[in-house]
There are 2 protein chains.
Amino acid sequence: MKTSVTDEIRASGKRMTRTRQAVLAVLESTKYPLSPAELYARLRKQNVAIDPVTVYRNLHALRTIGLVRQIKLHQEEQFRYEMKEGREHHHHIRCKSCGKIEDLLLCPLKKLTAMIQRETRFLVGDHSLEFSGWCPKCQ
Amino acid sequence: MKTSVTDEIRASGKRMTRTRQAVLAVLESTKYPLSPAELYARLRKQNVAIDPVTVYRNLHALRTIGLVRQIKLHQEEQFRYEMKEGREHHHHIRCKSCGKIEDLLLCPLKKLTAMIQRETRFLVGDHSLEFSGWCPKCQ
DNA sequence: AAACTAATGCAAATAAGTTGCAGTTATTAT
DNA sequence: ATAATAACTGCAACTTATTTGCATTAGTTT
């Protein structure tokens, strides 16, 4: 973990604690968005003593600072979280069989957004797009 | 409500009860997907005596028959439900200010799906796409 | 009209997430 | 360094969305 992250946290009036460091380390080393429960399980596996509530509170704090992004995948019950850094605008595809989640690097919706603004008279601010199917192993 | 709906329900071994009729009537008269709580509130407003649990059980039953579709909008906590009939493949846009939900009639993702299959090696089965922004009144 | 069994209401259980509180600990000011 | 401040933590309890158990009610079939 970089000093810069610690600095960002301190600059926002928050503190870099041992548990927060562990939470950040897990998020930074995972290449797909984690649910609070998954995050908690990984921390326990690494023998980090932490309460599930603290996981939630850390995710909330990191989100308000802007270090972490909260997302909700289609048809899932819980939220997922990922580091914002180096993961700008992107979408996901998830395997219906094993649950594997991968990033999609393309976003083809710029043109479409303009069309929707015209047709609906909404001012479009955001979109979510997600695919699901079967990953190579599960086909 | 058409007889055909009643027939579909009976054909699947289910029964057309008074409460189920009321649930269906509300769903059929609403042009955007309702959460169980919203559905319950509308029923109460019409003085339909029904328990929230019964709303859930009806939605589940109607869903397994294939009359109703369950969806989860981006960043929302609960599921929403809409009649399948006459609402085939479509997407939604929601106002970030007043919560208004509208249908989008277009789906521009056929070509994209093929591209994603090639790039990810996933077999793509489904996608979800949703826009949010500000409706004309809230701009 | 009787028999069968789906549907209902109520209470209680689950799952995901939040909040209150008292004790701990990272920061800051001395 | 050290004390003072306030963020952070764990634990228990709460909230919200949804599900399940069970005894009773009521559509459907014969």
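Here is the naming used below: chain letters follow the sequence lines, and residue numbers restart at 1 for every chain. Please read all numbers here as calculations on a predicted model, not as lab measurements.
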Exercise. Please figure out whether B/Asp51 or B/Glu77 has its closest DNA chain C nucleotide nearer the 5' end.
Key: B/Asp51
Quiz item: What nucleotide, of D/dT18, D/dT20, D/dG10, holds the atom closest to the side chain of A/Ile50?
Solution: D/dG10
Quiz item: Within the distance-only criterion (no hydrogens, no angle test), does the side chain of A/Lys72 pair as donor or acceptor with the backbone N or O of B/Glu76 below 3.5 angstrom?
Solution: yes
Quiz item: Parallel, tilted or perpendicular: which describes the rings of A/Phe79 and A/Tyr81, with under 30° parallel and over 60° perpendicular?
Solution: tilted
Quiz item: Does OP1 or OP2 of D/dG10 have a side-chain N or O of A/Arg57 closer than 4.0 Å?
Solution: no
Exercise. Specify the separation, in whole Å, of atom NZ of A/Lys72 and atom C1' of C/dG17.
Key: 10 Å
Self-check item: For atom CG of A/Leu39 and atom P of C/dG17, their distance in whole Å
Solution: 12 Å
Exercise. Quickly work out the A/Leu73 CG to C/dA16 C1' distance and round it to whole Å.
Key: 15 Å
Exercise. Write down the distance between CD (B/Gln21) and C1' (C/dT8), rounded to a whole number of angstrom.
Key: 16 Å
Self-check item: Listed nucleotide nearest any side-chain atom of B/Lys14, set C/dA7, D/dT18, C/dT8
Solution: C/dA7
Self-check item: Separation of atom CZ in B/Arg80 from atom P in D/dA17, rounded to whole Å
Solution: 11 Å
Exercise. Indicate whether OP1 or OP2 belonging to C/dT27 is found under 4.0 Å from a side-chain N or O atom of A/Arg10.
Key: yes
Quiz item: Going hydrophobic residue to hydrophobic residue with side-chain gaps under 4.5 angstrom, can you get from A/Ile71 over to A/Met83?
Solution: yes
Quiz item: Any side-chain heavy-atom pair from B/Phe122 and B/Ile116 closer than 4.5 angstrom?
Solution: no
Quiz item: Phosphate oxygens OP1/OP2 of C/dT25: is one of them under 4.0 Å from a side-chain N or O of A/Arg15?
Solution: no
Quiz item: Is B/Tyr56 near enough to D/dT19 that one of its side-chain N or O atoms lies under 4.0 angstrom from OP1 or OP2?
Solution: no
Quiz item: Quick one: A/Glu38 CD to C/dA16 P, roughly how many Å, whole number?
Solution: 11 Å
Quiz item: Does the side chain of A/Thr17 get closer than 4.0 angstrom to OP1 or OP2 of C/dT25 through an N or O atom?
Solution: no
Quiz item: Whole Å only: how far is the CG atom of B/Asn58 from the C1' atom of C/dT8?
Solution: 9 Å
Quiz item: Roughly, in whole Å, what's the span from CD in A/Glu76 to P in C/dA15?
Solution: 16 Å
Exercise. Would you classify A/Ala49 as touching base, sugar-phosphate or nothing, given that sugar-phosphate means primed atoms plus P, OP1 and OP2, and contacts are heavy atoms under 4.0 Å?
Key: sugar-phosphate
Quiz item: Which sits closer to the 5' end of DNA chain D, B/Arg18 or B/Gln78, going by the nucleotide each is nearest to?
Solution: B/Gln78
Exercise. Run the ring-centre check on A/His127 versus B/His91 and record whether the distance is less than 6.0 Å.
Key: no
Practice problem: Look at all strands and tell whether A/Pro36 reaches a base, only sugar-phosphate, or nothing, counting heavy atoms closer than 4.0 Å. | Solution: sugar-phosphate
